[in-house]
Undergrad: 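My questions all concern the structure below.
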Amino acid sequence: MKTISVLGATGSIGDSTLDVVARHPDRYRVHALSAHRNVDKLLTLAVRHRPEVLAVSDAQAAAGFEARLRAAGVTARLAVGPDELVEVAGTPGIDAVMAAIVGAAGLAPTLAAARGARSVLLANKESIVMAGALFGAACRQSGVTLLPVDSEHNAIFQCLPDRATGVDSRRAVRRLILTASGGPFRTWTPERIAAATPEQACKHPKWSMGRKISVDSATLMNKGLELIEAQFLFDMPSEQLDVIIHPQSIIHSMVEYVDGSVLAQLGNPDMRVPIAHALAYPERFDSGVSSLDLVAAGTLQFEEPDETRFPCLRLAREAMRAGGGAPCVLNAANEVSVQNFLDGRVGFADIARINEAVLTALGNPAAPDSLADTLALDATARLLAEQQIAA
């Protein structure tokens with residue numbers, strides 16, 4: 001019986017994780033669940049999964065929550081506020097922590113998990129984009145097993161040689177190829193894209209995701225952030241990382257080897273597949289996902305990404321090549337611009353404009369080497385993004 005904590009339990013990754021865990025009650029026991037402010041859903045999850053600890057990072061949302069827990073017969077300890085969330089995330093000896101808090105808010109808890117848990121199932125790509133060197137140092141120091149959960153990175157992980165074989169992936173691999181659905185605006189004209197609404201941007205053609213990541217998929221920024229994550233996770237230079245549009249989302253990523261072989265991981269577009277792989281690794285168990293029917297899927301299409309219509313992918317490539325603090329700056333600017341788009345304050349095309357303006361203004365800052373420095377750079381970039389919006 002292994003213990004698991006789910007950070008960001010009320011989001012879509014949390015839903016999928018707990019669905020897989022519930023299918024294997026003989027293997028997993030839920031230690032902790034966290035939410036930001038969705039305490040109603042957290043209460044439902046607590047009744048269903050009976051964790052030992054519940055964490056709510058928004059203190060205002062947690063007001064009166066403990067009384068509701070006790071009235072529902074839930075005895076879990078309640079931790080309130082961001083500092084207590086970090087403490088829960090870093091609980092020593094937890095077998096697996098699903099790091100699924102969206103955005104920069106997930107950095108400190110994910111770092112804590114890397115220092116305390118036996119394995120981290122990484123769905124919070126921002127931890128690497130913001131502070132890859134810092135996160136990598138924490139993982140090396142603790143010896144934690146880091147398992148990628150993003151479908152693309154999990155696919156690459158499955159297609160690469162097992163690390164136990166001692167094969168040098170950098171010498172054996174020619175390219176890592178991340179696939180992208182192309183999002184809801186793949187076939188739209190630039191004029192139509194510029195006029196897109198938040199509701200249209202959040203209607204992803206294949207995946208069920210939160211609003212922020214859905215917008216990132218629509219701008220292709222999500223794929224750009226995944227490129228930065230892949231460079232870190234697999235220690236590959238930027239010139240060996242590619243993106244290809246694959247609208248069916250059946251092939252989740254590919255690895256091309258120097259001998260010309262290309263290995264691909266295929267599966268239905270359901271996050272329970274990579275989650276189950278990471279939970280069971282190095283074994284396999286049922287994810288609850290139906291078998292892939294290739295005949296029903298029919299033709300598989302592939303296209304080059306259009307960085308003219310989707311400039312956020314170009315910006316992410318530039319930040320990846322620049323290195324240092326540039327990815328952190330880009331992530332911060334993007335979080336601000338996307339939220340303002342969702343709130344109706346800026347248009348869809350303004351997301352890339354704001355991101356590029358902030359990157360240009362801050363140049364190429366040094367990579368932050370502490371959590372405090374990372375958060376300071378993040379705050380500076382956010383302020384500049386807000387100034388761009390107000391101008």
Side-chain angles (χ1 to χ4, degrees), residues 102-107 124-135 178 180 183 185 190 193-194 196 201 212-213 215-232 236-239 241-243 305-343 345-391:
V102 176
L107 175 58
N124 172 259
K125 65 177 65 68
E126 291 83 1
S127 296
I128 288 175
V129 173
M130 293 177 67
L134 185 63
F135 186 74
L178 281 70
F185 308 145
I193 292 172
K212 195 270 180 183
I213 194 172
V215 175
D216 282 349
S217 179
T219 64
L220 293 192
M221 178 61 85
N222 190 52
K223 205 54 49 180
L225 298 179
E226 287 174 1
L227 280 174
I228 297 170
E229 183 181 6
Q231 183 182 43
F232 169 86
M236 283 287 167
S238 60
E239 59 269 20
L241 300 171
D242 277 345
V243 171
D306 185 344
E307 294 184 9
T308 301
R309 286 186 300 140
F310 301 99
C312 281
L313 179 57
R314 170 181 58 81
L315 294 175
R317 288 187 192 274
E318 291 173 0
M320 174 176 64
R321 290 168 183 149
C328 180
V329 169
L330 178 62
N331 180 74
N334 186 65
E335 287 194 18
V336 171
S337 58
V338 168
Q339 188 58 57
N340 277 272
F341 168 69
L342 288 170
D343 292 341
R345 297 191 186 99
V346 301
F348 187 81
D350 291 319
I351 295 172
R353 177 187 62 80
I354 293 163
N355 293 344
E356 185 160 23
V358 174
L359 271 176
T360 301
L362 285 178
N364 187 18
D369 57 7
S370 69
L371 178 58
D373 287 347
T374 303
L375 296 178
L377 181 58
D378 175 82
T380 299
R382 286 172 187 273
L383 179 60
L384 282 173
E386 294 287 2
Q387 291 172 349
Q388 284 290 323
I389 292 166

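Any value given below was found using the heavy atoms of this structure, including those in side chains, with hydrogens, waters and symmetry copies removed.
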Undergrad: Considering non-hydrogen atoms only, spot the tightest contact between P305 and L220 and give its length.
TA: CB-CD1, 4.4 Å
Undergrad: Counting only pairs under 3.5 Å, give me each side-chain donor-acceptor contact of residues 316-330, with atom names and distances, residues two or more places apart or in other chains.
TA:
{"residue": "R317", "atom": "NE", "partner": "E307", "partner atom": "OE2", "Å": "2.6"}
{"residue": "E318", "atom": "OE2", "partner": "R314", "partner atom": "NH1", "Å": "3.1"}

Undergrad: Using the side chain to side chain donor-acceptor pair (under 3.5 Å) criterion, which residues pair with T374? Sequence neighbours excluded.
TA: none
Undergrad: Not counting sequence neighbours, which residues clear salt bridge (Lys or Arg N to Asp or Glu O under 4.0 Å) with K125? List them please.
TA: D150
Undergrad: Of all residues at least two apart in sequence or in a different chain, which pass the salt bridge (Lys or Arg N to Asp or Glu O under 4.0 Å) check with E229?
TA: none
Undergrad: Output, in order, the C-alpha distance, side-chain angles, deciding distance and verdict of side chain to side chain contact (heavy atoms under 4.5 Å, CB included) for V338 and D216.
TA: CA-CA 8 Å; V338 168; D216 282 349; 3.6 Å; yes
Undergrad: How would you list, by chain and number, every residue that makes a side chain to side chain contact (heavy atoms under 4.5 Å, CB included) with I193, sequence neighbours excluded?
TA: F185, W188, R309, F310, F348
Undergrad: Ignoring hydrogens, what is the shortest heavy-atom contact between S127 and G106? Give both atom names and the distance.
TA: OG-O, 3.9 Å
Undergrad: So, does T380 use its side chain to make a donor-acceptor pair with the main chain of A376 at under 3.5 Å?
TA: yes
Undergrad: Just jot down the side chain to side chain contact (heavy atoms under 4.5 Å, CB included) partners of V346, sequence neighbours excluded, or say none.
TA: N340, F341, D350, I354, I389
Undergrad: Nearest 0.5 angstrom please: L241 CG to Q231 CD, how far?
TA: 6.0 Å
Undergrad: Quick one: are N331 and L225 in side-chain contact, heavy atoms under 4.5 Å?
TA: yes
Undergrad: Would you please name every residue forming a side chain to side chain donor-acceptor pair (under 3.5 Å) with E226, sequence neighbours left out?
TA: N222, K223
Undergrad: Once side chain to side chain contact (heavy atoms under 4.5 Å, CB included) is applied, do any residues pair with L383, and if so which ones, sequence neighbours excluded?
TA: Q387
Undergrad: May I have all residue pairs that pass salt bridge (charged side-chain N to carboxylate O under 4.0 Å, His left out) and include part of residues 381-391, sequence neighbours excluded?
TA: E335-R382, D378-R382
Undergrad: Could you list the residues that satisfy side chain to side chain donor-acceptor pair (under 3.5 Å) with S337, not counting sequence neighbours?
TA: N355
Undergrad: Using the rule given for side chain to side chain contact (heavy atoms under 4.5 Å, CB included), can you reason through V215 versus I351, listing the C-alpha separation, both sets of side-chain angles and the distance that settles it, and then say yes or no?
TA: CA-CA 10 Å; V215 175; I351 295 172; 3.8 Å; yes
Undergrad: Look up atom CG in L377 and atom CE in M130, then write down how far apart they are to the nearest 0.5 Å.
TA: 8.0 Å
Undergrad: Quick one: list whatever passes side chain to side chain contact (heavy atoms under 4.5 Å, CB included) with D369, sequence neighbours left out.
TA: D373
Undergrad: Scan residues 370-391 for pairs that pass ring-ring contact (aromatic ring centres under 6.0 Å, His included), counting only residues two or more places apart or in two chains.
TA: none
Undergrad: Could you report the tightest heavy-atom contact between V243 and A180, atom names first, then the distance?
TA: CG1-CB, 4.3 Å
